[in-house]
Amino acid sequence: MTETIDALAGLVAGGGVVVLSGAGLSTESGIPDYRGPSGAARRHTPMTYQVFTGDAQARRRYWARSHLGWRVIARAAPNDGHRAVARLQRGGLVDGVITQNVDGLHTAAGSPRVVELHGRLDEVVCLGCGNQTSREELDRRLREANPGFDARVAAVNPDGDVDLADDEVARFQTLDCTFCGTGVLKPDVVFFGETVPAPRVARCFDMVQRARLLLVLGSSLTVMSGRRFVLRAAKLGIPVVIVNQGPTRGDGYAALTLDAPLGRLLPALADRTVGAPAGGDVGSGVVPTGLTGVGR
Ligand SMILES: [Zn+2]
């Protein structure tokens with residue numbers, strides 16, 4: 001297992017790394033990965049853009065669940081994995097981060113140059129006028145509009161979705177945009193059935209094409225939205241390394257795959273390549289045990 005982290009450190013030490021991260025990087029921050037080993041099957045069918053915009057009842061259900069799930073997302077803090085990625089960036093080895101996560105934790109950990117592919121849950125957009133506001137502000141308004149709304153938080157998914165009874169949903173008061181007065185509000189995240197804005201995708205392809213190495217962290221690469229960057233790198237002959245707990249749909253394209261807990265592997269990787277943290281980052285410096293690597 002020391003050999004596999006050595007192999008990874010050897011590749012990363014050359015610099016020019018672009019990171020593509022997914023839900024597996026945030027599980028240690030208390031945000032469940034519904035596709036990873038720690039997450040059971042997803043409880044709800046994911047909300048699609050078409051249903052959200054076309055069905056006021058479905059929208060009410062979404063916001064009621066999301067309102068309860070938000071407190072979990074809002075209090076989540078970056079973990080050692082996020083901090084190690086930021087350290088690798090400051091050390092000049094990682095040029096940029098593309099994340100599929102909507103929790104904002106890379107930025108919270110101090111990473112510069114993060115492209116949030118699927119948007120951010122802490123921002124809200126009006127579908128009528130395009131006005132953007134903070135989720136914090138909407139959360140205040142929703143709490144005022146729904147006093148005593150204390151439904152049980154049973155389980156939380158990465159998009160802040162929770163279990164909720166029908167009568168609790170029926171009582172939930174949704175809110176419209178305060179700027180235009182009538183517009184429907186939506187978290188500024190990319191829903192299923194919605195496409196990522198083209199300029200954002202182009203920026204990511206540009207980063208990948210300039211990379212010397214694409215490092216996938218905690219993504220099963222199930223959706224094409226992220227997998228396409230692995231396919232592009234492979235096509236261009238840019239090596240791909242995947243660190244994930246469990247197999248991914250990109251393994252066939254990877255020069256190296258590692259199955260390891262990111263909160264332990266990444267600090268060890270940063271220690272080996274850019275040196276011990278200058279303070280604040282509590283990297284263990286210990287090579288993770290139970291690390292299994294599959295070189296290809
Ligand atoms: Zn509006």
Side-chain angles (χ1 to χ4, degrees), residues 17-39 66 68-91 93-124 132 134-136 138-139 153 155-162 187-190 196 200 203-204 207 215-223 225-226 229 242-245 260-270 274 277 279-284 288:
V17 179
V18 167
V19 165
L20 171 64
S21 71
L25 186 57
S26 290
T27 50
E28 289 169 62
S29 292
I31 299 173
D33 172 8
Y34 57 87
R35 289 195 181 97
S38 64
S66 179
L68 292 172
W70 169 246
R71 63 193 67 177
V72 174
I73 303 287
R75 69 167 178 247
N79 63 53
D80 288 349
H82 296 108
R83 282 188 285 271
V85 170
R87 189 145 57 96
L88 289 165
Q89 274 188 286
R90 286 195 301 273
L93 299 185
V94 168
D95 288 343
V97 174
I98 300 167
T99 186
Q100 298 172 272
N101 299 339
V102 294
D103 51 37
L105 294 180
H106 276 294
T107 304
S111 267
R113 300 183 302 281
V114 178
V115 179
E116 284 155 325
L117 189 63
H118 296 157
R120 287 179 66 116
L121 262 185
D122 64 357
E123 289 167 4
V124 176
Q132 284 179 300
S134 76
R135 179 63 179 265
E136 201 180 346
L138 179 65
D139 187 59
V153 179
V156 177
N157 291 327
D159 58 1
D161 208 6
V162 299
D188 200 3
V189 299
V190 175
V196 178
R200 200 185 294 167
R203 194 177 158 205
C204 293
M207 285 165 69
L215 177 60
V216 179
L217 301 176
S219 174
S220 55
L221 299 169
T222 307
V223 293
S225 176
F229 302 117
I242 300 175
V243 187
N244 189 60
Q245 293 194 270
L262 291 162
R264 299 182 64 193
L265 175 85
L266 293 174
L269 174 66
V274 296
D281 182 346
V282 284
S284 65

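Bear in mind that the values here come from a model prediction, so they are computed numbers and not experimental data.
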Novice: Name the residue from Arg83, Gln89, Arg87 that meets the side chain to side chain donor-acceptor pair (under 3.5 Å) definition with Ser111.
Specialist: Gln89
Novice: Going from CG on Leu266 to CG on Asp80, what distance comes out if it is rounded to the nearest 0.5 angstrom?
Specialist: 9.5 Å
Novice: Can you find a pair of side-chain heavy atoms, one from Val18 and one from Met207, that are under 4.5 Å apart?
Specialist: yes
Novice: If you define the side chain from C-beta out and look only at heavy atoms, does anything of Leu262 sit under 4.5 Å from Val243?
Specialist: yes
Novice: Once salt bridge (Lys or Arg N to Asp or Glu O under 4.0 Å) is applied, do any residues pair with Asp139, and if so which ones, sequence neighbours excluded?
Specialist: Arg143
Novice: A side-chain contact here means heavy atoms from C-beta on lying under 4.5 Å apart; do Leu117 and Ser225 qualify?
Specialist: yes
Novice: Is any side-chain heavy atom of Arg200 closer than 4.5 Å to one of Val190?
Specialist: yes
Novice: For Thr107, what residues pass the side-chain hydrogen bond (donor to acceptor under 3.5 Å, both in side chains) criterion, not counting sequence neighbours?
Specialist: none
Novice: Check whether any side-chain heavy atom of Leu93 sits under 4.5 Å from a side-chain heavy atom of Val274, and report yes or no.
Specialist: yes
Novice: Which atom pair, heavy atoms only, marks the closest approach of Ala86 to Ala109?
Specialist: CB-O, 3.6 Å
Novice: Quick one: does Val97's side chain get under 4.5 Å of Val115's, heavy atoms only?
Specialist: no
Novice: Using side-chain hydrogen bond (donor to acceptor under 3.5 Å, both in side chains) as the criterion, list what pairs up with Arg135, not counting sequence neighbours.
Specialist: Ser66
Novice: Near Gln132 CD, under 6.0 Å, is it more than 12 heavy atoms from other residues, nucleotides or ligands?
Specialist: yes
Novice: Does Gln245 reach the main-chain N or O of Gly218 with its side chain, forming a donor-acceptor pair under 3.5 Å?
Specialist: no
Novice: Step by step, work out the side chain to side chain contact (heavy atoms under 4.5 Å, CB included) result for Leu20 and Leu221.
Specialist: CA-CA 10 Å; Leu20 171 64; Leu221 299 169; 4.0 Å; yes
Novice: For Arg203, does the CZ atom sit with more than 12 other heavy atoms under 6.0 Å from it, leaving out its own atoms?
Specialist: no
Novice: Donor-acceptor pair, distance only, cut-off 3.5 Å: does the side chain of Ser26 make one with the backbone of Ala23?
Specialist: no
Novice: Just so I know, are the side chains of Asn79 and His82 near enough to count as touching, which here means a heavy-atom distance under 4.5 Å?
Specialist: yes
Novice: Got a sec, which residues hit side-chain hydrogen bond (donor to acceptor under 3.5 Å, both in side chains) with Ser21, two or more places apart in sequence or on another chain?
Specialist: Thr99, His106
Novice: Nearest 0.5 angstrom please: Ile73 CD1 to Asp122 CG, how far?
Specialist: 10.0 Å
Novice: Can you measure from CG (Leu265) to CG (Leu217) and round to the nearest 0.5 angstrom?
Specialist: 8.5 Å
Novice: Taking only residues two or more places apart in sequence, or in another chain, which ones meet Glu28 in a side-chain hydrogen bond (donor to acceptor under 3.5 Å, both in side chains)?
Specialist: none
Novice: What is the distance from atom NE2 of His118 to atom CG of Asp103, rounded to the nearest 0.5 Å?
Specialist: 13.0 Å
Novice: Nearest 0.5 Å, what's the CG-CD1 distance between Asn101 and Ile31?
Specialist: 7.5 Å
Novice: Please give me the minimum heavy-atom distance between Ser29 and Pro78, naming the atom from each residue.
Specialist: OG-C, 3.8 Å
Novice: For the atom pair OG (Ser219) and CD (Gln100), what is the distance rounded to the nearest 0.5 Å?
Specialist: 4.0 Å
Novice: For the residue pair Leu121 and Pro187, what are the closest heavy atoms and their distance?
Specialist: CD2-CB, 4.0 Å
Novice: My understanding is that only residues two or more places apart in sequence, or in another chain, count here; which of them pass salt bridge (Lys or Arg N to Asp or Glu O under 4.0 Å) with Asp188?
Specialist: none
Novice: Do you know which two heavy atoms are closest between Ala84 and Pro267, and how far apart they sit?
Specialist: CB-N, 3.6 Å
